[in-house]
Amino acid sequence: MQSDRSQSTSRRSGPLAGLKVIDLTHVMAGPTCTLMLADMGADVIKIEKWPNGDDTRHSVPPKIGEEAASFLMMNRNKRGIVLDLKTDGGKQVLRRLIADADVLVENFAPGAMERLGFGYEHLHEQFPALIYCSLSGFGRTGPYKDRRGFDLVAQAMSGIMSFTGERPDGPPVKCGPPLSDITAGLLASMGILAAYTHRLKTGEGQWVETSLYEAALVQTYWQSTIALAAGTAPRAMGSAHPLNAPYQAFEASDGWLVVGGANKKHWLLMLEALGASELAADPRFVTGADRMAHLKELEAVLSERFRTQSRAHWLAALDEKGVPCGPVHDMLEALSDPQTLAREMVVEVEHSTLGPVKTIGLPVKFSETPGKVLSGAPVYGEHTREVLAEYGFDQRQIEALEQEGAIVLASGRREERVA
């Protein structure tokens with residue numbers, strides 16, 4: 001049995017090769033965490049619920065073939081099985097997987113894992129070396145610990161929506177990407193690796209947890225700085241920076257670009273590129289504090305200048321002077337940018353039924369133990385039989401579990417087999 005499992009993980013590459021992760025997560029925050037671990041080499045076994053699986057399987061359109069594109073993005077590099085944890089057989093399978101795991105990650109509703117018999121305290125007694133990671137809306141302490149959380153709620157309650165938008169008197173605006181979901185997943189993966197380092201030193205596992213609310217709050221470092229130091233709540237400024245200027249988007253004659261001309265060196269070089277060196281002596285704009293105090297006037301003066309030439313003209317002029325700048329891309333432009341491709345941030349991965357599928361690459365590079373996107377996201381129940389066989393279940397036992405309704409195999413849905 002052990003040799004079979006060793007073979008299953010030996011094919012993986014990356015610094016976490018050999019790490020065994022049980023993934024009881026769904027939608028975005030938890031899958032982001034386990035995606036990072038899988039891309040760095042961990043053997044991640046994703047456990048989906050019956051009958052509908054991960055909610056992102058139903059986040060359509062778009063679809064690629066018969067599969068939801070959102071599920072494909074968040075679950076590549078993972079092996080997928082389906083368990084009904086309300087059955088004795090499903091619980092039996094999960095216990096056996098946990099017994100051999102290094103990490104368990106879950107983002108169930110508050111109290112759900114305890115009701116199923118897989119809460120941290122219970123598992124820590126049986127498996128003291130297990131690293132148990134929980135992601136939730138608000139964390140396991142505090143007055144909101146029993147609330148469910150969503151990215152929209154976290155962005156609102158953290159203050160983010162109060163300072164996102166075009167103008168200070170405008171309506172609250174959510175950031176386009178699910179900021180708190182993705183950040184919570186990244187924080188959770190960081191916490192797991194810190195706990196794993198501790199375990200390597202002591203042999204002790206522990207409970208790692210974070211929340212969407214905290215993940216959103218850590219995105220407000222600059223705005224929190226202003227609120228804590230000055231006692232004022234920052235408001236929306238469009239693309240401008242709350243502490244430095246000019247550091248924002250400007251419209252050229254044919255499109256938008258961004259410029260970081262905030263410090264003294266870049267400010268003066270930017271003026272040279274614009275042919276506007278006379279502004280250096282303007283008392284409204286001499287220092288960074290002056291420019292922030294007269295930000296609207298600064299924006300008006302610079303906007304008028306930028307609109308006189310094309311985006312390509314200004315980008316070339318600014319780049320020649322060494323001023324940080326760049327075009328405002330849409331997603332198709334960003335994904336086809338030569339830098340994106342050179343850094344392998346768009347890669348093709350082979351899916352078991354769809355063939356080659358494009359996905360986002362690994363954002364962390366390693367000189368000696370590079371991670372890699374090796375496999376596409378699993379179809380529903382794709383690896384149930386394979387994983388159970390690796391963990392010692394023989395064919396007769398697998399058939400019995402299937403008959404009980406405890407598992408689903410990729411060959412069909414449970415209701416089709418028991419009808």
Side-chain angles (χ1 to χ4, degrees), residues 155 159-177 179 219-334 337-339:
Q155 288 202 34
I160 289 175
M161 290 179 64
S162 73
F163 57 77
T164 302
E166 280 300 310
R167 61 184 195 277
D169 59 344
V173 176
K174 183 182 80 67
C175 292
L179 198 68
Q219 291 286 347
T220 71
Y221 283 131
W222 287 141
Q223 287 76 17
S224 290
T225 295
I226 295 169
L228 293 171
T232 59
R235 295 301 178 188
M237 302 175 63
S239 64
H241 195 284
L243 299 174
N244 301 295
Y247 190 92
Q248 64 188 88
F250 292 98
E251 188 175 16
S253 63
D254 61 348
W256 289 84
L257 69 153
V258 294
V259 184
N263 64 33
K264 182 177 181 180
K265 173 185 175 181
H266 289 145
W267 164 245
L268 296 175
L269 290 172
M270 186 194 78
L271 294 180
E272 291 180 20
L274 291 174
S277 295
E278 72 278 2
L279 293 178
D282 191 312
R284 298 172 298 173
F285 309 139
V286 173
T287 68
D290 294 331
R291 294 192 291 276
M292 287 301 299
H294 299 89
L295 182 59
K296 289 302 177 185
E297 297 158 84
L298 177 66
E299 288 175 341
V301 171
L302 295 180
S303 293
E304 182 178 0
R305 185 61 61 106
F306 274 109
R307 283 193 289 266
T308 64
Q309 296 286 350
S310 69
R311 182 168 73 174
H313 171 88
W314 292 127
L315 290 174
L318 291 164
D319 192 54
E320 183 181 358
K321 294 291 184 180
V323 180
C325 62
V328 177
H329 279 157
D330 65 26
M331 280 312 307
L332 290 174
E333 291 170 328
D337 189 283
Q339 184 66 20

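As the structure is a computational prediction, the values presented were derived from the model and not from experiment. Each residue takes its place number in the sequence, starting with 1.
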- Query: When you look at Ser277 and Glu272, which way does the side-chain contact (heavy atoms from CB on, under 4.5 Å) test go after all the steps?
  - Reply: CA-CA 6 Å; Ser277 295; Glu272 291 180 20; 3.9 Å; yes
- Query: So Val328 and Leu257, side-chain contact (heavy atoms from CB on, under 4.5 Å) or not? Walk me through it.
  - Reply: CA-CA 5 Å; Val328 177; Leu257 69 153; 5.6 Å; no
- In terms of heavy-atom contacts, does CD of Glu333 have more than 12 from other residues, nucleotides or ligands at under 6.0 Å? yes
- Message: Can you tell me if Glu166 has over 12 outside heavy atoms packed within less than 6.0 Å of its CD?
- Response: no
Nearest 0.5 Å, please: how far is [atom2] in [Y] from [atom1] in [X]?
X: Asp290; Y: Leu295; atom1: CG; atom2: CG; result: 12.5 Å
X: Leu243; Y: Met237; atom1: CG; atom2: CE; result: 8.5 Å
X: Leu318; Y: Leu274; atom1: CG; atom2: CG; result: 6.0 Å
X: Glu251; Y: Glu304; atom1: CD; atom2: CD; result: 13.5 Å
X: Asp282; Y: Leu271; atom1: CG; atom2: CG; result: 10.0 Å

Just by distance, do the side chain of [X] and the backbone of [Y] share a donor-acceptor pair under 3.5 Å?
X: Ser303; Y: Ala300; value: no
X: Gln248; Y: Val259; value: no
X: Arg291; Y: Ala262; value: yes
X: Ser253; Y: Ser310; value: yes
X: Lys264; Y: His266; value: no

Which heavy atom of [X] sits nearest to which heavy atom of [Y], and what is that distance?
X: Gly275; Y: Arg305; value: O-NH1, 2.9 Å
X: Gln309; Y: Ala252; value: O-CB, 3.3 Å
X: Lys321; Y: Ala273; value: CG-CB, 3.9 Å
X: Thr308; Y: Trp314; value: OG1-CZ2, 3.5 Å
X: Ala280; Y: Trp267; value: CA-NE1, 4.3 Å
X: Ala236; Y: Thr164; value: CB-C, 3.9 Å

- Derivation and outcome, side-chain contact (heavy atoms from CB on, under 4.5 Å), residues Met161 and Val173: CA-CA 5 Å; Met161 290 179 64; Val173 176; over 6 Å; no
- Message: Does this structure show an ion pair linking Arg284 with Glu299, if we count only N-O contacts that are shorter than 4.0 Å?
- Response: no
Taking C-beta and beyond as the side chain, do [X] and [Y] meet within less than 4.5 Å on heavy atoms?
X: Leu315; Y: Pro327; result: yes
X: Val258; Y: Cys325; result: no
X: Leu302; Y: Leu279; result: yes
X: Pro234; Y: Ile226; result: yes
X: Asp337; Y: His329; result: yes

- Sequence-distant partners of Asp169, salt bridge (Lys or Arg N to Asp or Glu O under 4.0 Å), two or more places apart: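 Asp169 satisfies salt bridge (Lys or Arg N to Asp or Glu O under 4.0 Å) with Arg167 only.
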- Message: Once salt bridge (Lys or Arg N to Asp or Glu O under 4.0 Å) is applied, do any residues pair with Asp254, and if so which ones, sequence neighbours excluded?
- Response: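 Applying salt bridge (Lys or Arg N to Asp or Glu O under 4.0 Å) to Asp254 gives none.
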- Message: Please determine whether side-chain contact (heavy atoms from CB on, under 4.5 Å) holds for the pair Val301 and Glu297, giving the CA-CA distance in whole Å, both sets of side-chain angles, and the decisive distance to 0.1 Å.
- Response: CA-CA 6 Å; Val301 171; Glu297 297 158 84; 5.6 Å; no
- Task: Could you point out which residue of Tyr247, Phe163, Trp222 forms a side-chain contact (heavy atoms from CB on, under 4.5 Å) with Pro242?
- Result: Trp222
- Message: Counting the benzene-type ring for Trp, do Trp256 and Phe250 have ring centres under 6.0 Å apart?
- Response: no
